[in-house]
Amino acid sequence: MMCINVDSLPINEKIKDILKKRGIQKLNPPQTEAVQKGLLDDKPLLIVSPTASGKTLMAELGMVSHLINKGGKAVYATPLRALTNEKYVTFKDWEQLGLKVAMTSGDYDTDDYWLKDYDIIVATYEKLDSLWRHNSPWIKEVDYFVLDEFHYMNDPERGPVVESVAVRAKRKGTILALSATIGNYKQIAEWLKADVVATNWRPVPLKEGVLYAGNKKKDFVVMYKDGTSRKVYGECPIVAFTLDVISKDGQVLVFRSSRKYAEATAVKISQFMNFVKLNDKKLHEVAESIKEVEDGGSNEKEALYNLILKGVAYHHAGLSKGLRDIIENAFRDRIIKVIVATPTLAAGVNLPARAVVIGDIHRFNRKVIGFTEYIPVMEYKQMSGRAGRPGFDEYGESVVVVRTKSEVDKVMQRYLNSDVEPLESKLGSESAFYSFILSIISSEEDVTERTLTEYIQDTLLPKELAKKYFKQALNWLLDNEFIAQEGEYLTLTKFGRRISDLYLNTFTAVTIKDVLTRNGKGCELAYFHMLAYTPDGPLVSITKAEEDVLLDELDCELFIEEPYDEYELSNYLSSLKVAFIMRDWIEEVDEDTILGRYGIGSGDLRAIVDTMDWLTYSGFHVASVLGLEEHKEVLEKLHMRVKDGVKEELIPLVKVPGIGRVRARLLYSHGIKTPEEIIMNPEKVKQLLGPKLGEKIVREAARAIT
DNA sequence: TCGAAGAGTGTGTAGACAGCATGTC
DNA sequence: CTACACACTCTTCGA
């Protein structure tokens, strides 16, 4: 195919200038095809192509030409906050055209109520869904929807939201869906009423293979899909292959199926890095910056410090955001040579490497006890697709570690030579379907059964199933008083409106409602446990040792009784562990102590606290809307203590920006107990916190009061 | 008598979205 | 609904 020159595109000269400034002279094949199929003329498209094949640029061209030719607004939806952030930064370029770009998600908040003034809005799928539910006036003006990483629709938990966003976007404007390769793209395109651009084009070719680890000698064989093979030598297959790539000045991304393996593999590789030439000065700088991270645990920092000096790091969700950022950036700058990661890095931000090692193809499934499954082909593609850095590598290389001879063919067949799973509707679960119905009723006007039927017909759910669920959903939502019927119209009750606005799972809502109405005031632990034991609660793993003692350590009565079912019991205990963690947290137990006591990472603690913050807030509002005054008071107080992890007496202090649990306690123990007292004793504050920080805090306190 | 290789046993197991209220130096 | 990988201990076997 002839690729189009930027110069000959039928677009505004300013757009061309921006492209050229980025060094783009020519569109690549998939981009060219997209343009030919009407990308610049507002045509709905489904683009199915590998990682790094330039989909983001297509989205930019689609959005910008729509905005320039037709006005309106464009939303770019992604499944991850980190991606939202990444795209936002990229799209900022277009402000040169006078377009305004914003982003919004749970934690990065450009600015919600100002969004009406923006042209391009980057948001997570959930946030977009939430904005619709809240009926933000500006959202009606959105008429161009980019649905990024659309294959997320196959995710059992997050997929339903992607699908429901697609259903609505289809009615309200033009869809540009971007996806990694999927099996049934024709069917999906038909459903989206979009034309298809499907390619396997990659900017850097990919060599896929298996790394056979069968023999116990020190040489291992890499067998490529194309029939060629080569040998690598070393301590074990992963080490041998990794060192081989690094010695040729490449970087390696190793994927492992658990955190423990990731850490162990990183340590093992680091033991052989003495033979590699490294930039010690830069590595030292990175290692030092690890020590200064504010949100990391001491043990994590210590472990990473030593690894990084050898050019290696591990990476998983147990690490705090600060630590992960440093590692990702140092790898991007080619200072760190190897990252051993769990699947965090497979789907996340853009972080390519010369070579990718896929250490395991099995993964434990915590939803079914004792069940291990093969990772989906989609996930294999996501991981292997990280191989090959445009501009640096001639080709990328990905290998799957295979431990037995019989598995060599199996892996070849199952992963290297296989199509990706088809996209299917995941709305066929009670919880997902009920939420979908609730969201339609909360965002549309004058909803009748007929309105809902039309929406449901627009989903990808098989007709029979949809019909069955529909009746069931209406009855359930009516019975549980989320919605009410007024003549032929369906409206939200006050309770239903609250739940929808809070973005709570309907089953979470019913659990909270039932527990609170049936019980009087309980202990802190009981509230935390109830909230954690809902579908929206955080999950933590429990060891055998913990399993035995958790119930013994219980010193007050819970709201919910111990279940008999084995699976439910493990959830029950997991929630109890969350409750204990939360109680320690708001009792100001030292962070390192909490991490050690419960065997979790700093990133885990942050995630648990965030979720519980939202849930205590939600619990407070549920109690409030139900008129349960006693519970409402307790939950309100808990919520205020959860965010910063403090006892009640510190609440006034942590409201000052820059003061967290540690600084607040320090000030309090020296007699400074409120923002007012900070202002009255500036010298003492400076003495306690240091001159620079002290001054800043005094200023913030003054602002906080007014 | 020692050590290597092999058999048996116990243990643990990925990630990450959502509210709200405010203007970041 | 179809486990695996690893660490660790115990057992066997040969020189």
Side-chain angles (χ1 to χ4, degrees), chain A residues 77-84 104-114 123-131 133-134 152 155 157-162 213 216 255-262 264-265 268 315-319 321 324 341-348 359-375 379 401 403-404 407 435 439 498-505 508 535-536 538-547 570 599 603-604 606-608 610-611 613-622 639 643 655 657-658 696 699-700 703-704:
Chain A
T78 84
L80 302 170
R81 292 172 184 174
L83 284 175
T84 304
T104 169
S105 71
D107 64 356
Y108 300 105
D109 33 347
T110 317
D111 12 43
D112 249 30
Y113 47 76
W114 290 100
T124 55
Y125 281 103
E126 282 82 359
K127 186 68 185 190
L128 176 54
D129 186 20
S130 167
L131 289 166
R133 293 176 186 219
H134 281 87
Y152 251 79
D155 185 295
E157 275 140 46
R158 315 270 312 282
V161 179
V162 177
K216 290 230 162 173
F255 287 105
R256 301 262 13 214
S257 66
S258 83
R259 295 174 178 187
K260 221 166 60 181
Y261 300 161
T265 303
K268 192 156 187 185
H315 184 292
H316 56 63
L319 295 178
K321 186 81 178 50
R324 283 151 76 177
T342 54
T344 2
L345 281 185
D360 317 81
I361 46 165
H362 299 279
R363 186 173 47 228
F364 177 78
N365 183 339
R366 59 157 66 110
K367 292 195 187 62
V368 188
I369 291 172
F371 180 62
T372 305
E373 59 200 353
Y374 282 102
I375 58 168
E379 210 172 302
V401 178
R403 291 174 179 81
T404 64
E407 247 188 353
S435 286
S439 78
R498 250 284 152 232
I499 301 310
S500 177
D501 284 352
L502 288 166
Y503 212 77
L504 277 184
N505 178 303
T508 298
D536 285 317
L539 265 181
V540 294
S541 61
I542 37 176
T543 64
K544 270 214 156 47
E546 285 175 326
E547 216 174 278
S570 87
D604 297 315
R606 187 40 58 195
I608 292 168
D610 274 358
T611 304
D613 181 26
W614 167 52
L615 283 175
T616 43
Y617 180 83
S618 302
F620 157 69
H621 273 291
V622 173
H639 174 239
K643 192 174 213 94
K655 283 188 177 146
K696 191 185 144 210
R699 265 204 317 273
E700 291 289 358
R703 256 223 323 243

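Per chain, numbering begins at 1; letters A, B, ... match sequence-line order.
dA3(C) atom C1' lies 15 Å from atom CD1 of Ile375(A), rounded to whole Å. Taking atom CG of Asp610(A) as the reference point, atom C1' of dC20(B) lies 13 Å away to the nearest angstrom. Here the P atom of nucleotide dA14(B) and the CD atom of Glu379(A) are 12 Å apart, to the nearest Å. Separating the CG atom of Asp536(A) from the C1' atom of dC17(B) is a distance of 10 Å, rounded to the nearest angstrom. When the P atom of dT13(B) is taken as reference, atom CG of Asp604(A) falls 11 Å away, rounded to whole Å. As rounded to whole Å, 7 Å separates atom P of dC6(C) from atom CG of Asp360(A). The NZ-P distance, from Lys544(A) to dT11(B), rounds to 6 Å in whole Å. For the pair Leu504(A) CG and dG19(B) C1', the computed distance is 9 Å after rounding to whole Å.
Between atom CG of residue Asp613(A) and atom CD1 of residue Ile608(A) there is a gap of 13.5 Å, rounded to the nearest 0.5 Å.
Within the 3.5 Å criterion, the main-chain N or O of Ala607(A) finds a donor-acceptor partner in the side chain of Thr611(A).
Between His134(A) and dC20(B), a side-chain N or O to OP1/OP2 separation shorter than 4.0 Å is present. In terms of phosphate contacts, Ser130(A) brings a side-chain nitrogen or oxygen within less than 4.0 Å of OP1 or OP2 of dG19(B).
When each of His362(A) and Ala264(A) is assigned the nucleotide of DNA chain C with its nearest heavy atom, His362(A) is the one assigned upstream, toward the 5' end.
Distance from the side chain of Ser105(A) is smallest for dA18(B) among the nucleotides dG12(B), dA16(B), dA18(B).
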